[in-house]
Amino acid sequence: MGKDKLRRFRENETFACFLQPDFDEVFRTDHPIKGNWNRDFFHNDNPIVLELGCGKGEYTVALAERDPNRNYIGIDIKGARMWRGAKTATEQQMENVGFLRTRIEFINSLFAEGEVAEIWITFPDPQLKTRRAGKRLTSPLFLERYAKFLSKDGFINLKTDSKHLYAYTNAVIGHYGLPCEVSNPDIYTSGFADEKLSVKTAYESRFLQMGLPITYTRFGLGDHTEFPWFDWEGDEKLKTEKDNEEERTRAF
């Protein structure tokens, strides 16, 4: 492990905005912060918004800057990447930003029923292999997790360059009859991107330079609490046919 990564890990421990639970605190048990984020972490009653797979925390910080009346939490397992967002939030003395280092699979150990008002998912791994469909952050397995803590009127926002993930998510919405407020296949060409949607991560900037359309979907879960698995016919395609894989690979 590089010295710079170790330095970032150590510095993360000094940030008041950074929470890093031990495995034993979240595996098949509830963490003490569950249900107490407003009281014990943010010290206010403002709505809580999550960004799942936040990476460097660019989007989390940008959303918090634009919306000081909401609390934003970036969640990821990559501590060295999250360091950047946590350091920025600390230097700018942002009181409505938090970072949580954990696996998203453990999220129900950390948030209580109705505790979260909104979820953002920005440029996640589309998990193109059919056998990994359950790893997609908009799959039935994850929606069932979100339903346990997302408020009844809450929304999930997906911003992605992946045509396959965009189509899959819309298929999931249609299959369960979920309320969908927006489904836009190209937010910039259509002029749909507003102040929040125009925030660009490093990944997104690369994709745009390559001419890849950026899609956006905003949907809720309604009264659904269970999401029985279903096989989507779009996954029957070969991996090379599913997405703009050659262009995506070059972006890195």
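With rounding to the nearest 0.5 Å, the separation of OG1 in Thr169 from NE2 in His164 is 9.5 Å. Between atom OG of residue Ser198 and atom CZ of residue Arg66 there is a gap of 8.5 Å, rounded to the nearest 0.5 Å. To the nearest 0.5 Å, atom CG of residue Asp30 and atom OG of residue Ser109 are 5.5 Å apart. Of the inter-residue distances, the one linking Leu150 atom CG with Glu115 atom CD reads 12.0 Å to the nearest 0.5 angstrom. Within the model, atoms OG1 of Thr160 and CD1 of Ile121 stand 10.0 Å from one another, a figure rounded to the nearest 0.5 Å. In this structure, CG in Leu221 is found 7.0 Å from CD1 in Ile119, a value given to the nearest 0.5 Å.
In this structure, Ala147 and His224 approach most closely via the heavy-atom pair CB-O, 3.7 Å. When all heavy atoms of Phe106 and Leu110 are compared, the pair lying nearest together is O-CD1, 3.8 Å. Of all heavy-atom pairs between Leu197 and Ala193, the closest is CB-CA, 3.9 Å. Here the closest heavy-atom approach between residue Met82 and residue Leu100 is recorded as CE-O, 3.3 Å. Annotation for Ala64 and Asn96: closest pair O-ND2, 3.1 Å, computed over non-hydrogen atoms. A pairwise comparison of heavy atoms in Phe15 and Ala86 identifies CD1-CB, 3.5 Å as the closest pair.
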Discussion item. Could you go through Asn157 and Glu118, starting from their C-alpha distance and side-chain angles, then the distance that decides it, and tell me whether this counts as side-chain contact (heavy atoms from CB on, under 4.5 Å)?
Written reply: CA-CA 8 Å; Asn157 304 275; Glu118 193 168 5; 2.8 Å; yes

Worksheet item: Yes or no on side-chain contact (heavy atoms from CB on, under 4.5 Å) for Thr102 and Ile107, after CA distance, side-chain angles and deciding distance?
Response: CA-CA 8 Å; Thr102 191; Ile107 201 166; over 6 Å; no

Discussion item. For Tyr72 and Val61: C-alpha separation, side-chain torsions, deciding distance, then whether side-chain contact (heavy atoms from CB on, under 4.5 Å) applies.
Written reply: CA-CA 8 Å; Tyr72 288 85; Val61 170; over 6 Å; no

Worksheet entry | Stepwise side chain to side chain donor-acceptor pair (under 3.5 Å) check, Ser183 with Asn170 | CA-CA 8 Å; Ser183 178; Asn170 279 272; 2.8 Å; yes

Practice prompt. Would you check, one step at a time, whether the test side-chain contact (heavy atoms from CB on, under 4.5 Å) holds for Asn69 with Asp67?
Written response: CA-CA 5 Å; Asn69 294 318; Asp67 194 358; 4.2 Å; yes

Let me check something: any side-chain donor-acceptor pairs from residues 17-27 under 3.5 Å, sequence neighbours excluded? List them with distances.
{"residue": "Gln20", "atom": "OE1", "partner": "Arg101", "partner atom": "NH1", "Å": "2.7"}
{"residue": "Glu25", "atom": "OE1", "partner": "Asp22", "partner atom": "N", "Å": "2.7"}

Return a table of donor-acceptor pairs under 3.5 angstrom between the side chains of residues 225-234 and protein atoms on other chains or two or more places apart.
{"residue": "Trp229", "atom": "NE1", "partner": "Asp231", "partner atom": "OD1", "Å": "3.0"}

May I have the list of side-chain donor-acceptor pairs in residues 47-60 shorter than 3.5 Å, sequence neighbours left out?
{"residue": "Glu51", "atom": "OE1", "partner": "Thr60", "partner atom": "N", "Å": "3.0"}
{"residue": "Glu51", "atom": "OE1", "partner": "Thr60", "partner atom": "OG1", "Å": "2.5"}
{"residue": "Glu51", "atom": "OE2", "partner": "Thr122", "partner atom": "OG1", "Å": "2.5"}
{"residue": "Glu58", "atom": "OE2", "partner": "Ala202", "partner atom": "N", "Å": "3.2"}
{"residue": "Tyr59", "atom": "OH", "partner": "Lys159", "partner atom": "NZ", "Å": "3.1"}
{"residue": "Tyr59", "atom": "OH", "partner": "Lys196", "partner atom": "O", "Å": "2.7"}

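Under the salt bridge (Lys or Arg N to Asp or Glu O under 4.0 Å) criterion, Arg81 pairs with no residue at all, not counting sequence neighbours. With sequence neighbours excluded, the residues forming a side-chain contact (heavy atoms from CB on, under 4.5 Å) with Asn44 are Asn38, Phe42, Asn46, Asn71, listed by chain and number. Every side-chain contact (heavy atoms from CB on, under 4.5 Å) that Asn108 has, sequence neighbours left out, goes to Arg145, Lys148, Phe149. By the salt bridge (Lys or Arg N to Asp or Glu O under 4.0 Å) test, Asp186 pairs with no residue at all, sequence neighbours left out. Not counting sequence neighbours, Tyr146 has no partner by the side chain to side chain donor-acceptor pair (under 3.5 Å) test. Residues that satisfy the side chain to side chain donor-acceptor pair (under 3.5 Å) test with Thr217, not counting sequence neighbours, are absent from this structure. Judged as a ring pair (Phe, Tyr, Trp, His ring centres under 6.0 Å), and not counting sequence neighbours, the contacts of Phe41 are Trp37. Judged as a side-chain contact (heavy atoms from CB on, under 4.5 Å), and not counting sequence neighbours, Gln209 has no contacts. Every residue meeting the salt bridge (Lys or Arg N to Asp or Glu O under 4.0 Å) condition with Glu11, not counting sequence neighbours, appears here in chain and number order: Arg7, Lys87.
In this structure, Thr130 contributes its side chain and Asp235 its backbone to a donor-acceptor pair below 3.5 Å. The backbone N or O of Arg39 lies less than 3.5 Å from a partner atom in the side chain of His43, making a donor-acceptor pair. Thr14 contributes no side-chain N or O that, together with a main-chain N or O of Arg10, makes up a donor-acceptor pair within less than 3.5 Å.
Within 6.0 Å of CD in Gln92 there are more than 12 heavy atoms belonging to other residues, nucleotides or ligands. Within a 6.0 Å sphere centred on NZ of Lys135, other residues, nucleotides and ligands contribute 12 heavy atoms or fewer. The number of heavy atoms from other shown groups lying within 6.0 Å of CD (Gln93) does not exceed 12. Around the CZ atom of Arg103, the shell of radius 6.0 Å holds no more than 12 heavy atoms that belong to other residues, nucleotides or ligands. Heavy-atom neighbours of Asp223 CG from other residues, nucleotides or ligands within 6.0 Å: at or below the threshold of 12. Within a 6.0 Å sphere centred on NZ of Lys152, heavy atoms belonging to other residues, nucleotides or ligands number more than 12.
A cation-pi arrangement is absent between Arg136 and Phe142, since the terminal nitrogen or guanidinium carbon is not both under 6.0 Å from the aromatic centre and inside a 45° cone about the axis.
Looking only at side-chain heavy atoms (C-beta outward), Leu158 and Leu137 stay at 4.5 Å or farther from each other. With contacts defined as side-chain heavy-atom distances shorter than 4.5 Å, the pair Phe123/Ile214 qualifies. Within the 4.5 Å cutoff, no side-chain heavy atoms of Ile73 are placed close to those of Phe99. Considering only heavy atoms from C-beta on, Pro213 stays 4.5 Å or farther from Asp161 through its side chain. Looking only at side-chain heavy atoms (C-beta outward), Asn184 and Ser190 come within less than 4.5 Å of each other.
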